[in-house]
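Given the structure is predicted, the values throughout are model-derived calculations rather than measurements. Numbers here are sequence positions counted from 1.
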Amino acid sequence: MKKLTLNLSVLMIAIAALTFSACSSGTNEDSSAEDSTGVATTQPEEEEWVTLVEGSSTQGWTQLNGKATYEVNGGVVTGTTKLGEPNSFLTTNKMYDDFILEYEVKVDPRMNSGVQIRSNSYDFDTTYVYTDAEGKSVEKTVESPRVHGYQIEIDPSERAYSGGIYDEARRGWLADLSENEEGRTAFKNNEWNKYRVEANGDTIRTFVNGIQTAELVDDMTDSGFIGLQVHSTDIEDPMQVQWRNIRIKEL
């Protein structure tokens, strides 16, 4: 009789332990999920990022405005200037609103470039009304099909405004680096430079090589495409700008 009682006690302890384990698993709010076999799997943060350019394809992108050339090889986009052409843009077909965008860029020190965010190109003229720095109401019409919108600057000149925020074809500079001496030292000529752009609601923050370069609060445009700019030029010798590791995480 004593032997039976001992075995029942052991069995009751085992059942209690299994019940506690099941309850604990049910209340765990981590990033784990179950696959088709019912086995718990962990979803790493890296899966939230989407690579925008892979291999040698421009699938998902469209060139707008100028006829500068764009080539893709091994995930690296190379844009080459063309004399007499206006600003050219390789743009995503998808529109984005709130996101974190990261990319690396290397540029010929003789040229200017940039990356468009929340930008647009319409098949009709578009009029914007806004208040300028002096408090005056201004009306600006952007002719079709001109690409316009926020641009994250790539500026290898002595001015060194890389990472500043410019409003392409609309209002001009919104956040330059004239009062950000540390930010003006972030960009390195003739090297790959890593950019990070955080666009969330009405706030845009930019970083170059880990240094914050600009912060803008503005609500004129809350959605649009991503665009890689090759600037117009009066220099006959072709110049190049390259991008790689272009990825985005939507918020």
Side-chain angles (χ1 to χ4, degrees), residues 52-53 55-96 101 103-128 140-174 176 187 189-193 195 197 206 221 224-246:
L52 296 183
V53 178
S56 300
S57 173
T58 56
Q59 183 177 357
W61 296 75
T62 299
Q63 185 168 343
L64 299 175
N65 295 176
K67 296 181 180 179
T69 61
Y70 291 88
E71 297 180 352
V72 184
N73 187 13
V76 178
V77 181
T78 300
T80 304
T81 59
K82 189 172 183 179
L83 184 65
E85 286 296 318
N87 291 354
S88 304
F89 303 88
L90 186 65
T91 65
T92 60
N93 297 335
K94 181 176 178 177
M95 300 294 183
Y96 297 93
L101 174 69
Y103 52 91
E104 294 176 66
V105 64
K106 185 177 181 181
V107 64
D108 188 312
R110 298 173 296 169
M111 70 178 291
N112 176 280
S113 186
V115 171
Q116 300 294 135
I117 66 166
R118 291 181 175 174
S119 295
N120 292 279
S121 171
Y122 299 118
D123 58 4
F124 51 84
D125 294 352
T126 310
T127 299
Y128 296 89
K140 171 72 174 183
T141 298
V142 180
E143 295 183 357
S144 170
R146 183 71 162 88
V147 168
H148 58 281
Y150 305 112
Q151 179 185 126
I152 312 305
E153 187 76 4
I154 301 170
D155 179 18
S157 73
E158 292 184 3
R159 182 182 62 176
Y161 280 180
S162 290
I165 304 172
Y166 184 84
D167 195 0
E168 174 78 11
R170 205 162 48 176
R171 293 172 291 173
W173 281 107
L174 302 177
D176 61 32
F187 188 89
N189 279 341
N190 298 309
E191 297 181 19
W192 285 102
N193 294 271
Y195 276 64
V197 181
T206 60
T221 306
F225 52 66
I226 308 297
L228 310 180
Q229 183 201 55
V230 174
H231 207 284
S232 61
T233 181
D234 56 5
I235 299 176
E236 187 173 353
D237 183 30
M239 297 172 289
Q240 294 184 332
V241 54
Q242 295 180 295
W243 295 270
R244 69 182 185 186
N245 297 328
I246 308 170

Given ring-ring contact (aromatic ring centres under 6.0 Å, His included), test Tyr70 with Trp61 step by step and report yes or no.
CA-CA 11 Å; Tyr70 291 88; Trp61 296 75; 8.9 Å; no
Chi angles and distances behind the side chain to side chain donor-acceptor pair (under 3.5 Å) call for Asn87, Glu168:
CA-CA 10 Å; Asn87 291 354; Glu168 174 78 11; 3.0 Å; yes
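Expressed to the nearest 0.5 Å, how far CG of Asn112 lies from OH of Tyr166 amounts to 9.0 Å. A distance of 5.0 Å separates CZ of Phe89 from CD of Gln116, quoted to the nearest 0.5 Å. In this structure, the separation between CD on Gln151 and CZ on Arg170 is 12.0 Å, given to the nearest 0.5 Å. In this structure, CG in Leu83 is found 7.0 Å from OG1 in Thr233, a value given to the nearest 0.5 Å. Atoms CD1 and CG, from Ile246 and Leu101 in turn, are 8.0 Å apart once rounded to the nearest 0.5 Å. Rounded to the nearest 0.5 angstrom, Leu228 CG and Ser113 OG are separated by 8.0 Å.
Using the six-membered ring where Trp is involved, Tyr195 and Tyr103 have ring planes that are parallel, under 30° apart on the 30 and 60° scheme.
Residue Ser56 comes nearest to Gly74 through the heavy atom pair OG-N, 3.8 Å, listed as atom of the first residue, atom of the second, then distance. In plain terms, the two heavy atoms of Asn189 and Pro156 that are nearest each other are OD1-CB, 3.0 Å. Taking every heavy atom of both residues into account, Asn65 and Val147 meet most closely at OD1-N, 2.9 Å. Closest approach of Met95 and Asn120 over heavy atoms only: CE-OD1, 4.1 Å. The two residues Ile165 and Tyr150 come nearest to each other via the heavy atoms CG2-CD2, 4.4 Å. Summarising the geometry of Met111 relative to Val107, their closest heavy-atom pair is CG-CG2, 3.4 Å, with the distance given to 0.1 Å.
Under the 3.5 Å distance criterion, with hydrogens and angles disregarded, a donor-acceptor pair is assigned to the side chains of His148 and Tyr128. Using a 3.5 Å distance cut-off with no hydrogens or angles, the side chains of Gln240 and Thr80 do pair a donor with an acceptor. In the model, Thr62 has no side-chain atom that pairs as donor or acceptor with a side-chain atom of Thr91 under 3.5 Å. Under 3.5 Å, the side chains of Glu153 and Ser162 contain no donor-acceptor pair of N or O atoms. Side chains of Asp125 and Ser144: a donor-acceptor N/O pair is absent below 3.5 angstrom, by distance only.
Heavy atoms from other residues, nucleotides or ligands lying under 6.0 Å from CG of Asn73 number 12 at most.
Between the Gln59 side chain and the Val53 main chain, no donor and acceptor come within less than 3.5 Å of each other. Under the 3.5 Å distance criterion, the side-chain polar atoms of Glu71 are left unmatched by any main-chain donor or acceptor of Val77. A donor-acceptor pair under 3.5 Å is formed between the side chain of Ser88 and the backbone N or O of Ala68. A donor-acceptor pair is defined here as one N or O able to donate and one able to accept, closer than 3.5 Å; no such pair exists between the side chain of Thr81 and the backbone of Pro238.
Using a 4.5 Å heavy-atom threshold, the side chains of Ile154 and Tyr161 count as separate. Here the side chains of Pro109 and Asn190 are in contact, with some heavy-atom distance below 4.5 Å. The closest side-chain heavy-atom distance from Glu143 to Tyr122 is not below 4.5 Å.
Note on Glu236 versus Lys82: no salt bridge recorded, every NZ/NE/NH1/NH2 to OD/OE distance being 4.0 Å or above.
Under the salt bridge (Lys or Arg N to Asp or Glu O under 4.0 Å) criterion, the residue pairs touching residues 103-113 are Glu104-Arg244, Asp108-Arg110, Arg110-Asp237, with sequence neighbours excluded.
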